[in-house]
Number of protein chains: 4
Amino acid sequence: MRQKKPKFIQIIDAAVIVIAENGYHQAQVSKIAKQAGVADGTIYLYFKNKEDILVSLFQEKMGVFIEKIEEEIKDKTNAADKLYSLIEKHFTLLSEDHQLAVVTQLELRQSNKDLRLRINEVLKGYLNVVDKIIQEGKESGEFRQDLDVRLARQMIFGTIDETVTTWVMNEQKYSLVNQTKKVHDLFVYGFVTPKTS
Amino acid sequence: MRQKKPKFIQIIDAAVIVIAENGYHQAQVSKIAKQAGVADGTIYLYFKNKEDILVSLFQEKMGVFIEKIEEEIKDKTNAADKLYSLIEKHFTLLSEDHQLAVVTQLELRQSNKDLRLRINEVLKGYLNVVDKIIQEGKESGEFRQDLDVRLARQMIFGTIDETVTTWVMNEQKYSLVNQTKKVHDLFVYGFVTPKTS
Amino acid sequence: MRQKKPKFIQIIDAAVIVIAENGYHQAQVSKIAKQAGVADGTIYLYFKNKEDILVSLFQEKMGVFIEKIEEEIKDKTNAADKLYSLIEKHFTLLSEDHQLAVVTQLELRQSNKDLRLRINEVLKGYLNVVDKIIQEGKESGEFRQDLDVRLARQMIFGTIDETVTTWVMNEQKYSLVNQTKKVHDLFVYGFVTPKTS
Amino acid sequence: MRQKKPKFIQIIDAAVIVIAENGYHQAQVSKIAKQAGVADGTIYLYFKNKEDILVSLFQEKMGVFIEKIEEEIKDKTNAADKLYSLIEKHFTLLSEDHQLAVVTQLELRQSNKDLRLRINEVLKGYLNVVDKIIQEGKESGEFRQDLDVRLARQMIFGTIDETVTTWVMNEQKYSLVNQTKKVHDLFVYGFVTPKTS
DNA sequence: AATGAATGAGTCTTCATTCAT
DNA sequence: TATGAATGAAGACTCATTCAT
């Protein structure tokens with residue numbers, strides 16, 4: 001017996017390692033099986049096909065991601081603080097798992113359109129959390145009433161994503177978490193009611 | 001200056017059409033050759049390999065992109081206006097060429113890491129334009145002195161990119177150009193010196 | 001005598017159903033086990049391997065087939081009548097068990113050469129019955145003295161088999177049993193108008 | 001250059017050899033390619049997929065078969081003679097090409113239902129020739145007026161097929177062609193002593 | 001006797017690239 | 001320059017069989 005973890009998780013973790021080390025297109029099923037310490041065929045007892053491994057990987061990791069972020073922000077009393085916690089947690093979680101960062105920022109993007117659409121479905125959970133924060137900010141008066149929620153969400157997600165990707169591509173040479181405040185400032189100054197008129 | 005023989009352009013244009021219609025992974029060299037009206041082998045008289053077609057495609061199209069944007073902003077007198085023109089031109093150019101939008105926002109992202117790194121090289125030209133605007137804004141006092149240029153650039157690029165991608169994924173059902181002002185507002189309110197303290 | 005434990009028969013019957021419904025190449029051991037209501041591994045307590053299931057199926061079903069035919073013809077007093085009964089019983093038995101007809105006429109033919117050779121061994125019992133009838137007909141003077149027994153047997157078996165296969169392929173839309181007399185006439189009288197009456 | 005034959009024929013001939021020597025299920029595309037002296041990929045320039053090789057093989061060989069038989073019988077003036085020629089030519093052609101005999105009688109039967117259905121389509125050409133002979137015999141008065149054409153055809157085809165298969169399974173130890181007259185007599189006169197002389 | 005999770009060997013097909021013409 | 005027929009490497013998935021319980 002090599003691992004005590006259930007095989008499902010065992011295989012997903014193996015997939016993260018193999019993809020991070022070899023790249024998406026060099027992550028053969030047989031390599032993942034070997035890394036997981038199971039036979040090739042065993043993979044197919046737990047996953048319908050290769051794509052299913054990748055979608056499950058994303059679901060599993062993103063699920064944890066969302067849970068942890070929701071846990072983090074639930075005690076904050078205003079939208080700006082929640083946003084701050086979201087950014088910080090997002091940066092922290094990926095800083096703590098470099099392999100996962102490489103996989104989600106660079107490798108999984110190479111998947112075909114079908115897979116990307118299914119990944120987008122999973123992402124919606126995250127985007128909903130963002131939407132809720134923005135909405136809350138508008139309702140409490142913290143954020144401008146004319147703030148376009150969709151656009152604001154696209155800015156937040158686009159900026160965070162681009163920031164992380166740049167950091168990953170620069171081989172994570174600097175601290176991502178340290179950028180939290182600056183990124184947050186960029187958002188919030190844009191969101192609050194301009195005092196100039 | 002790169003060669004600009006008719007066939008070179010002819011093949012690149014064929015590649016855009018084929019990729020837009022069939023997707024990245026179904027854009028075989030033979031299909032591109034057929035669309036371009038040349039033999040498969042002829043491709044290799046103008047391009048080193050398939051990757052070279054895609055990089056050249058990006059260089060060629062992005063080169064025009066940058067030229068047009070620079071042309072557009074050169075008469076503007078302040079950074080905020082330049083930023084506005086950049087966003088508007090970016091949105092306009094992709095709205096006018098749906099196939100190119102699909103190719104750059106969705107399809108080319110599926111390329112492998114090496115290709116994406118080379119594409120990023122090309123992108124740097126665009127990012128430099130953005131950087132210059134931000135820098136200028138700081139120097140003129142329009143923007144905050146403590147504005148982090150790299151972060152601001154990541155926000156601008158990340159947001160624009162995410163906005164266009166969402167629009168493409170929604171099958172371009174709404175006007176992209178109409179969102180210019182709102183996007184610009186998000187940036188500028190975040191960039192200017194906050195009046196609250 | 002082979003073992004006749006309930007599960008042995010149970011598994012063979014399950015195999016007939018699964019093969020008839022799914023086709024030879026889609027009749028996996030696990031499907032047969034499920035249909036039989038036993039675990040996959042249980043199959044291997046009663047059969048050496050998958051091929052053994054199929055050979056046993058054929059032996060079991062063909063054994064009954066031969067017994068019933070011998071029972072039917074044993075009271076007939078001449079070769080022509082025996083031949084008539086054999087054809088009629090053959091047609092009747094398969095008409096009464098459509099699934100078995102599909103399995104023996106279409107599906108089991110897809111088995112590999114080795115399996116087919118073993119099936120042919122089983123078939124020899126049937127062919128011996130035919131041979132005996134022909135021989136008897138020659139000895140009694142009913143049939144020509146120069147009748148080649150092997151050829152006659154091949155004709156009888158080949159014709160019956162082809163007739164049944166055509167009927168199965170036509171989805172058993174017409175009565176097979178009703179063709180008995182005509183087939184019998186073809187054997188006994190051939191194509192030309194019989195001069196005896 | 002290894003062969004002057006067009007590649008299409010070259011590959012089909014290679015398939016016959018490989019299947020005859022290795023059996024249907026051991027006839028990998030790569031083996032056929034090697035036997036044909038071409039690369040694996042070249043196969044797919046001439047055939048849609050593996051099944052297409054086998055169907056084409058059958059079409060090609062059966063086409064020649066039918067042509068030669070039609071050539072042979074066209075000068076005969078009565079149905080019985082035509083039938084004789086058909087049997088003789090059928091036996092002769094397969095006797096002259098033992099490999100083809102093995103492939104059509106034993107190996108191709110292992111193909112799945114879809115392939116067999118497509119093969120049956122090809123066979124219809126042959127069966128039509130048989131039908132025409134029987135019909136002609138009825139019209140000229142040579143054969144009984146109440147002869148069932150379909151049944152007669154099933155008998156002829158079933159008998160010939162069974163005869164050839166038995167001969168192939170017996171490793172072609174005796175002369176097939178020598179059996180022509182006896183088989184013909186069985187069809188025309190049946191089992192009883194012919195009263196005509 | 002019975003279970004069922006785990007095993008791992010085996011193959012068709014695609015497509016970027018070459019090179020003789 | 002231009003052609004296009006030929007190349008050949010590479011990988012996801014199935015399923016009969018085993019064996020620890």
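Chain A is the first sequence line, chain B the second, and so forth, proteins listed ahead of strands; every chain is numbered from 1.
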Take the protein atom [atom1] of [X] and the nucleotide atom [atom2] of [N], then report the distance between them rounded to whole Å.
X      : N       : atom1 : atom2 : value
K34(C) : dT3(E)  : NZ    : C1'   : 15 Å
K48(A) : dA12(F) : NZ    : P     : 16 Å
L45(D) : dT7(F)  : CG    : C1'   : 9 Å
Q28(C) : dT17(F) : CD    : P     : 13 Å
K31(B) : dT14(E) : NZ    : P     : 12 Å
I43(D) : dT11(E) : CD1   : C1'   : 14 Å
Y46(C) : dT17(F) : OH    : C1'   : 18 Å
Y44(B) : dT17(E) : OH    : P     : 4 Å

Does [X] reach the main-chain N or O of [Y] with its side chain, forming a donor-acceptor pair under 3.5 Å?
X       : Y       : result
K31(D)  : Q26(D)  : yes
E107(B) : Y24(B)  : yes
R109(A) : V103(A) : no

Tell me whether the side-chain N/O atoms of [X] come closer than 4.0 Å to OP1 or OP2 in [N].
X      : N       : value
T42(B) : dT3(F)  : yes
S30(B) : dC15(E) : no
K7(D)  : dA6(F)  : yes

Residue closer to the 5' end of DNA chain E, D40(C) versus A27(D) (nearest nucleotide): D40(C)
Between K7(C) and Q10(C), a side-chain donor and acceptor under 3.5 Å: no
Pairing nucleotide - [N], Watson-Crick or G-U, each distance under 3.5 Å:
N       : result
dA12(F) : dT11(E)
dA1(E)  : none
dT21(E) : dA2(F)

Which nucleotide in dT11(E), dG11(F), dT7(E) has an atom nearest any side-chain atom of Q26(D): dT11(E)
Sugar-phosphate only, base, or nothing, as touched by V29(A) at under 4.0 Å among non-hydrogen atoms: sugar-phosphate
Pairs involving residues 38-55 of chain A, ordered by first then second residue, that meet salt bridge (charged side-chain N to carboxylate O under 4.0 Å, His left out) (sequence neighbours left out):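 Matches after skipping sequence neighbours: E51(A)-R118(A).
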Of N49(C) and A39(D), the one whose closest DNA chain F nucleotide lies more 5':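 Per heavy-atom nearest nucleotide, the more 5' residue is A39(D).
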Position toward the 5' end of DNA chain F (nearest nucleotide), G41(A) or K50(C): G41(A)
